[in-house]
Amino acid sequence: MDQTDRKILSLLHDNARMSVAELSRIVAMSQPAVTERIRKLEEQGVITGYRVELSPTKLGKYTTAFIMFKTNNCKDFVQFAEESPEVIELHRISGEYNFLLKIVSETTETLAQFLDSCSAYGFSTTLIVLATTFEDKSLVFDPQKKTPAGA
């Protein structure tokens with residue numbers, strides 16, 4: 001992967017709907033050349049998908065929390081988390097806790113209800129997000145920005 005690939009990835013990370021024509025103009029390459037680079041990045045598994053970013057608050061979700069969870073029944077807990085609409089991320093972690101969950105819910109009351117439903121699987125520690133400085137920071141470095149994309 002060269003700097004042009006990194007630039008294309010950075011631009012797509014910032015705006016996955018950017019047209020190939022616009023990408024081509026910015027990286028100073030022909031549209032077929034940029035299309036081919038994107039195709040290769042997809043085939044190599046570097047690009048795994050294109051997504052829409054949703055605003056939790058516009059969807060009525062005003063509370064975000066991270067929950068560290070410890071369970072002796074990982075399989076059942078994973079199934080519970082997969083079926084819970086509040087859980088938007090689930091990570092298996094090392095240490096005292098087995099899992100780290102990212103939760104979005106309407107209010108702290110609905111978060112408390114979710115935590116009550118979790119108690120059948122083990123115990124947890126909850127960290128409520130007060131403010132988010134940034135998230136979904138790019139994994140590629142854009143040398144023209146001098147920082148990772150999205151920073």
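In this text, all values refer to a predicted model and were calculated from it rather than measured experimentally. In what follows, residues are counted from 1 in the order of the sequence shown.
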Looking only at heavy atoms, what is the nearest atom pair of T108 and T63, with distance? N-OG1, 3.4 Å

Are T64 and T132 side-chain neighbours, meaning at least one heavy-atom pair lies under 4.5 Å? no

Quick check on salt bridge (Lys or Arg N to Asp or Glu O under 4.0 Å): which of R37, K7, K40 does D2 satisfy it with? R37

Taking all heavy atoms of L12 and all of M18, pick out the closest pair and write down the distance. CD2-O, 4.4 Å

Any side-chain heavy atom of V140 sitting closer than 4.5 Å to one from H13? no

Is the shortest side-chain heavy-atom distance between F114 and S105 below 4.5 Å? no

Look at the side chain of S10 and the backbone N and O of R6, then say whether any donor-acceptor pair between them is shorter than 3.5 Å. no

Side-chain heavy-atom pair E42, Y50 within 4.5 angstrom cut-off: yes

Would a 4.5 Å heavy-atom cut-off, applied to side chains only, mark Y97 and S124 as touching? no

If I compare all heavy atoms of V87 with all of A81, which pair ends up nearest, and what's the gap? CB-O, 3.6 Å

Any salt bridge between E22 and R25, counting N to O under 4.0 Å? yes

Within a 6.0 Å radius of atom CG on N72, are there more than 12 heavy atoms belonging to other residues, nucleotides or ligands? no

Just wondering, are more than 12 heavy atoms of other shown residues or ligands nearer than 6.0 Å to CD in E53? no

Tell me, do F66 and L100 make a side-chain contact under 4.5 Å, heavy atoms counted? yes

For a 4.5 angstrom cut-off between non-hydrogen side-chain atoms, does L111 reach T126? yes

Minimum heavy-atom separation for F69 to G122, with atom names? CZ-N, 3.5 Å

Pairs involving residues 91-107, ordered by first then second residue, that meet salt bridge (charged side-chain N to carboxylate O under 4.0 Å, His left out) (sequence neighbours left out): K61-E106, K102-E135

Between T48 and G45 (side chain of the first, backbone of the second, donor and acceptor by atom type, cut-off under 3.5 Å), is there such a pair? no

If I compare all heavy atoms of Y62 with all of T57, which pair ends up nearest, and what's the gap? OH-O, 3.4 Å

Minimum-distance pair of heavy atoms, taken over all atoms of C118 and F80: SG-CE2, 3.5 Å

